[in-house]
Amino acid sequence: MRSEIGIKQAGSVALRWLGFLKVRLLLGGMVVMVMSVTLITLVFLQSAETHTLSAERRREIDEAASTASRLSGHVVALQRALGSASSRLERLALDDTEALHRFALSQSVLQQLFSNVFVAAPDGSVRISMDATGTSRPTVNLSQRPYFQQTLMQVRSVISQALPGKLSGAPVIVFAQPVRDEQGVFAVLGGAMRLDNRDLLEGLVDSQSEDATAMVVVTDALGQILAHPNRARLLQPLSEEPRLAVAFASWQAKGAPVEPTGLALDQPREVVSAAGVPGPDWMIWRVRSEADLLAPLHAARVRALSTAAALVLVLLPLVLGTLWWLLRPLALLEDRARHMFDAAYPPETGWPRASGEIANLSKVLRRVGIDRTRLEREKARTMGQLTSVMSAAPMGIAFAQGLKFELLNKEFCRLFAGTEHDLLVEDLAARFWAHADFEAFLIQQDAAFVSGEAYGGEWQMRRRDGSSFWAALRCSPVDIRNTSGGTVWTFSDVEELRASRELLEWAATHDPLTGLANRKAFESRASRLIDTFQSSQPASMVFIDLDRFKPVNDTAGHLMGDLMLLTVAKAISGQVRSGDLVARIGGDEFALLLDGCSHEDALRIAEAVRGAVRDVRLPWGQGVLQVGASLGIAELNATHQSLAGWMDAADAACYAAKASGRDAVRFATGTSH
């Protein structure tokens, strides 16, 4: 009974501990640990591959150096054997066939070491040749062979480059030994090593196939192959050997060192080492396949991965089941939280029973739900009050978030001739008359907000029915420190105000009778021409004074006089260019500003105006009323430093036209015409 109670208590403790998220994370960590072991295994195997290759490279360097050392000793032994035999050859025997024959028969050691032994005179003629078939005296001359010449000149033992043999025609290397006495060199004793018989590397290179994973090749210092498992490659350049071409290029890039201690060279997917043979300066090349060296490790990696995969497959259902059971309260909590703000779920009920962190989180979410419900009620009450205030406001009010309105009052809907629903679904840009206006507004609004101020301005707005009106727009952020929290907009219709203002602005610069520019506007524009005067941009001022206008007023009255002035104004306007300014500056005085107008064009326009005024006819009584015009032209030049000076010049020219008999055009004094 006690044991059962102990088991129940232990189970209760275990369940209580499993209620904590930390314990669950620990279980998850165990899964991660299993995966980590797999990863570490792979890392260690990779490291083992790296170390194995490094060790094999060192071993291969040692093997190459050892082979080079043995081959060097073999070469020295061959040279010594030739030297020993040369000491037993006498000068008189060179011309004695019997003596040479006896000498040849006594050199059984040389015949075992070389495939061919010969004695040649200094002139290059071969006096006797010995090979496995016996002795002979071939008609061969070696005088042009470089090794033969070098042996005589340097009086020392020489090893030739690989070359076709004079006697056999097969690729050979010749060991040449000078034979001398007190009188000097009298013969050359030579031994030829046939490379195709592998005599040179006997005992040093095993028979191998061309695609073997371990291969030894011997070359001379220039890379010519002297020994190769495939005899067809003899005397070919090493650069044509696929398994050593990159390594050979790397060796040449390093200066082609003949290094007896060995060196490692780069070759893709191969382990290559090389060592130099002192004396003949040959090179021993060893190459082994990385794939064969790493084959055991690759097999181990496959076994390790297979074991890890099997372990994961076995443990995965157990881990998933455990996680599902442990996290079930969290899933229930997630489902309840998803409906936390649904009206059908009271915020106080429906929360899962749990322990540990999930229980604490459930309490927090429950509290949030209750608080949210209370805040929603308060918000609804506040929004009701705000809606009442907005509805009573005499101006359009809107709340915007991003690029859309979210709240509108009735006056806003009336101003924009639309329902609240239609206006809320459209972007802010739709309320501006032009999209370019909206973009300009955003720039000005942002600049005002950055400076900590509200924005105010007048814009042409678009109603939903397509019509437009001018509105005074004021915009301010709900929170000046966080402009992304929304903005409050107010709109006032200023269409009539703008019309009144524009009318006042027009009246300030125009003559009320003729509609032409008045004296103030005329002088303002003339002043700007003086300020921007350039000799390359001609301009002229024309003063016009009506002739015989006073009799019209006196005879027909002021109404007919006003009609005459209005008719003359239209006649003058019909003769000027679109950019020219026509102004009434006095009772019957008019003026023209001709910007960018040459001397000839100014005269032409003035004459046209004079003719148009002269052609004006107003019926009155039994006759007609008629006036004329005297015109004075003053060109803008460097002498006109002020507006008064320019106008005085034009006025003086006009006076001169009247003095000449009226109905005439005159230029100001000093103007070329």
Side-chain angles (χ1 to χ4, degrees), residues 501-547 549 565 568-613 628-660 662-673:
R501 187 168 63 218
E502 290 174 357
L503 182 60
L504 290 174
E505 292 174 353
W506 185 91
T509 58
H510 289 78
D511 175 50
L513 175 62
T514 63
L516 299 176
N518 60 15
R519 188 182 189 95
K520 178 181 177 182
F522 180 82
E523 291 180 351
S524 175
R525 183 163 172 181
S527 296
R528 289 197 298 271
L529 284 177
I530 293 174
D531 294 339
T532 59
F533 170 69
Q534 295 181 3
S535 60
S536 60
Q537 295 291 329
S540 294
M541 180 184 293
V542 181
F543 268 26
I544 307 170
D545 192 3
L546 298 185
D547 300 329
F549 177 72
L565 291 175
V568 167
K570 292 181 178 179
I572 295 173
S573 299
Q575 305 304 317
V576 299
R577 303 169 303 173
S578 60
D580 295 335
L581 179 66
V582 182
R584 181 186 176 199
I585 60 176
D588 61 346
E589 296 178 350
F590 297 84
L592 305 178
L593 269 182
L594 309 178
D595 187 12
C597 186
S598 65
H599 171 86
E600 293 78 7
D601 289 340
L603 178 59
R604 177 182 56 77
I605 293 173
E607 288 289 353
V609 168
R610 184 180 65 81
V613 173
S630 297
L631 295 87
I633 304 174
E635 290 184 282
L636 180 60
N637 53 49
T639 63
H640 300 141
Q641 299 296 323
S642 65
L643 174 63
W646 192 13
M647 294 182 68
D648 288 344
D651 189 48
C654 183
Y655 181 79
K658 274 191 173 295
S660 68
R662 300 180 181 178
D663 195 27
V665 177
R666 293 290 183 270
F667 277 89
T669 304
T671 303
S672 59
H673 57 277

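In this chain, residues are counted from 1 in sequence order.
For residues 585-596, no residue pair satisfies the salt bridge (Lys or Arg N to Asp or Glu O under 4.0 Å) rule, not counting sequence neighbours.
Arg610 approaches Ala629 most closely through the heavy-atom pair CG-O, 3.8 Å. A pairwise comparison of heavy atoms in Ser540 and Cys597 identifies OG-O, 4.3 Å as the closest pair. In terms of heavy atoms, Ala657 sits closest to Ala664 at CB-O, 3.6 Å. Residue Leu593 comes nearest to Trp646 through the heavy atom pair CD2-CH2, 3.8 Å, listed as atom of the first residue, atom of the second, then distance. Smallest separation of non-hydrogen atoms from Ile633 and Ala653: N-CB, 3.7 Å. Smallest separation of non-hydrogen atoms from Ala508 and Lys520: O-CD, 3.9 Å.
Remark: Leu603 CG to Leu594 CG distance equals 11.0 Å, nearest 0.5 Å. For the atom pair CZ (Phe522) and OG1 (Thr509), the distance works out to 14.5 Å, reported to the nearest 0.5 Å. Note: Ser660 OG to Lys658 NZ = 10.0 Å, rounded to the nearest 0.5 Å. The CE atom of Met647 sits 4.0 Å away from the CZ atom of Phe543 when rounded to the nearest 0.5 Å. From Leu592, atom CG reaches atom CG of Asp580 across 7.5 Å, with rounding to the nearest 0.5 Å. Here the OG-CG distance, from Ser642 to Asp648, works out to 7.5 Å after rounding to the nearest 0.5 Å.
Residue Ile572 forms a side-chain contact (heavy atoms from CB on, under 4.5 Å) with just one option from Val613, Leu516, Thr514, and that option is Val613.
A donor-acceptor pair under 3.5 Å is formed between the side chain of Ser573 and the backbone N or O of Ala569. The backbone N or O of Gly628 sits nowhere less than 3.5 Å from a side-chain atom of Asp663 that would complete a donor-acceptor pair.
Side-chain contact between Ile605 and Arg577: present, with at least one pair of heavy atoms (C-beta onward) separated by less than 4.5 Å. Contact annotation: the side chain of Val542 never approaches that of Val609 to less than 4.5 Å [non-hydrogen atoms, C-beta and beyond].
With respect to Glu607 and Arg604, no salt bridge is recorded, no charged nitrogen being found less than 4.0 Å from a carboxylate O.
For the residue pair Ser630/Asp545, the side-chain donor-acceptor check at 3.5 Å is not satisfied.
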